[in-house]
Number of protein chains: 2
Amino acid sequence: MASYPGQEMNTKDSASPRFDLIELFFFAYRDFTGDPDVLLDELGFGRAHHRVLHFVHRNPGIRVSDLLDILKITKQSLARVLKQLVDDDFICQEPGALDRRQRLLYTTEKGAELCARLSKLQTQRINKAISLMPDCSDEIIRQFLYLMIDENERSEVAHLITKQTD
Amino acid sequence: MASYPGQEMNTKDSASPRFDLIELFFFAYRDFTGDPDVLLDELGFGRAHHRVLHFVHRNPGIRVSDLLDILKITKQSLARVLKQLVDDDFICQEPGALDRRQRLLYTTEKGAELCARLSKLQTQRINKAISLMPDCSDEIIRQFLYLMIDENERSEVAHLITKQTD
DNA sequence: AATATAAGTCAACATAGCTGACGTATTTTT
DNA sequence: AAAAATACGTCAGCTATGTTGACTTATATT
């Protein structure tokens with residue numbers, strides 16, 4: 001888009017900030033992530049554990065380095081929560097069949113069950129919202145959230161979310 | 001909705017988890033909040049400062065206790081970041097005219113300017129996304145995010161987001 | 001045999017949340 | 001006027017989750 005004189009319709013020299021969406025996004029995400037907290041707390045876990053459990057469950061046999069790539073945290077950060085999840089038997093590790101340096105990650109039955117309970121809470125909130133909206137909404141929302149992701153990461157995310165777990 | 005035998009169309013006893021939206025929400029929010037980080041970092045601030053600055057800017061003259069109510073953090077947590085913002089002249093405090101126990105909060109010119117730069121970044125991401133979507137999308141997205149908020153907090157948020165700042 | 005890679009570990013640190021206890025100024029209630 | 005409640009600040013210490021840097025071990029690759 002080129003800039004040229006007389007282009008602006010506004011008296012201001014830039015578009016108005018979208019405070020409505022900025023704030024709605026903030027509050028919506030807060031409450032969305034708040035649902036699982038109660039359950040996690042009972043087990044002595046936090047949101048970091050939730051994220052690890054979730055992405056391991058969704059990507060069975062994932063390599064540690066690939067998990068780090070999804071979460072965008074350091075291996076030292078991951079190590080702490082992963083150790084707890086393994087110690088408490090929510091996640092298990094197996095050496096890779098082809099490359100035995102790898103410790104491929106899987107949820108245990110216990111881990112899968114917790115994951116299911118957590119995602120059920122979040123799904124309930126999502127479904128309740130969508131049930132009150134027009135028919136086309138589901139796809140619109142997906143499209144919006146997808147376009148809010150950094151352009152260079154979209155294809156990776158697209159690949160992730162199209163996996164089937166259940 | 002009543003439950004009755006034969007109601008289920010599925011072989012499973014519950015609706016499928018919406019992993020797509022759960023994950024899209026996660027990645028979208030991560031990148032959305034990531035934009036301001038660079039700018040904040042240069043000033044030695046974090047996201048906590050951003051939130052405080054934002055809501056003070058959007059609610060000029062807000063009382064400390066009302067800010068705590070919006071942010072849902074403790075006053076000790078707030079105190080730390082607020083002190084820095086006041087010391088660095090991004091926020092100023094004035095005793096309430098009617099009740100002099102209050103320390104009403106305002107952004108300084110410097111604070112308002114930073115706030116504008118930060119919200120511009122986030123608005124750009126939002127507008128870029130919406131520009132690629134069908135016409136009805138804006139309202140759908142707002143409705144969705146609104147419905148994702150806890151029911152008992154919606155009216156309060158509705159009130160917040162309808163304020164005009166600029 | 002040398003090097004690179006996958007992963008783990010130790011230590012130290014930063015940010016941003018928390019609880020509990022207490023202080024001070026001011027307003028409201030009795 | 002005295003007592004109680006309120007708005008706010010502060011001290012001390014804890015927790016969760018992120019960071020950097022340095023080093024080790026096992027295994028693959030060159």
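Chain letters run A, B, ... following the sequence lines, proteins first, then strands; residues in each count from 1.
- Atom CG in A:L82 sits 5.5 Å away from atom CG in A:L105 (nearest 0.5 Å).
- B:L40 and B:I73 fall within the same hydrophobic cluster, where Ile, Leu, Val, Met, Phe, Trp and Tyr residues are linked whenever their side-chain heavy atoms come under 4.5 Å apart, directly or through other members.
- The separation between A:R30 atom CZ and C:dG17 atom C1' is 13 Å, rounded to whole Å.
- Note: A:F25 and B:F25 meet the aromatic proximity criterion, with ring centroids under 6.0 Å apart.
- You'll find a donor-acceptor pair under 3.5 Å spanning the side chain of A:R80 and the base of D:dG18, going by distance alone.
- Residues B:I141 and A:L24 have side chains not in contact (no heavy-atom distance under 4.5 Å, counting atoms from C-beta outward).
- Here C:dA7 presents its C1' atom at 13 Å from CG of A:D66, a figure rounded to the nearest Å.
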Practice problem: Do nucleotides 19-30 of chain C as a string where each nucleotide becomes B, S or -: B if the base has a protein heavy atom under 4.0 Å, S if just the sugar-phosphate does, - if no protein is that close. | Solution: BBB---BBS---

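- Side-chain proximity of A:V81 to C:dG17, D:dT10, D:dT17: nearest is D:dT17.
- Residue contacts for B:K83: at a heavy-atom cut-off of 4.0 Å it reaches no nucleic acid atom on any strand shown.
- Between B:Q102 and D:dT6 there is no side-chain N or O to OP1 or OP2 distance below 4.0 Å.
- Taking only side-chain nitrogens and oxygens, B:H49 comes nearer than 4.0 Å to OP1 or OP2 of C:dA16.
- The pair B:E139-B:R142 meets the salt-bridge criterion, since a charged nitrogen lies less than 4.0 angstrom from a carboxylate oxygen.
- Rounding to the nearest 0.5 Å gives a distance of 13.5 Å between CD1 of B:I130 and NZ of B:K128.
- In terms of modelled atom types and a separation under 3.5 Å, the side chain of A:T107 and the main chain of A:H57 share no donor-acceptor contact.
- In this model, no side-chain donor or acceptor of A:R103 finds a partner on the base of C:dG8 within 3.5 Å.
- For the contact set between residues 50-65 of chain B and DNA chain D, defined by any heavy atom under 4.0 Å, the members are B:R63, B:V64, B:S65.
- Between A:F27 and B:F55, the ring-plane angle classifies as tilted under the 30° and 60° cut-offs.
- In DNA chain D, consecutive stretches of 3 or more Watson-Crick or G-U wobble pairs with both distances under 3.5 Å are given as paired ranges: C:1-30 with D:1-30.
- Between A:F45 atom CZ and D:dT17 atom C1' the separation is 15 Å, expressed in whole Å.
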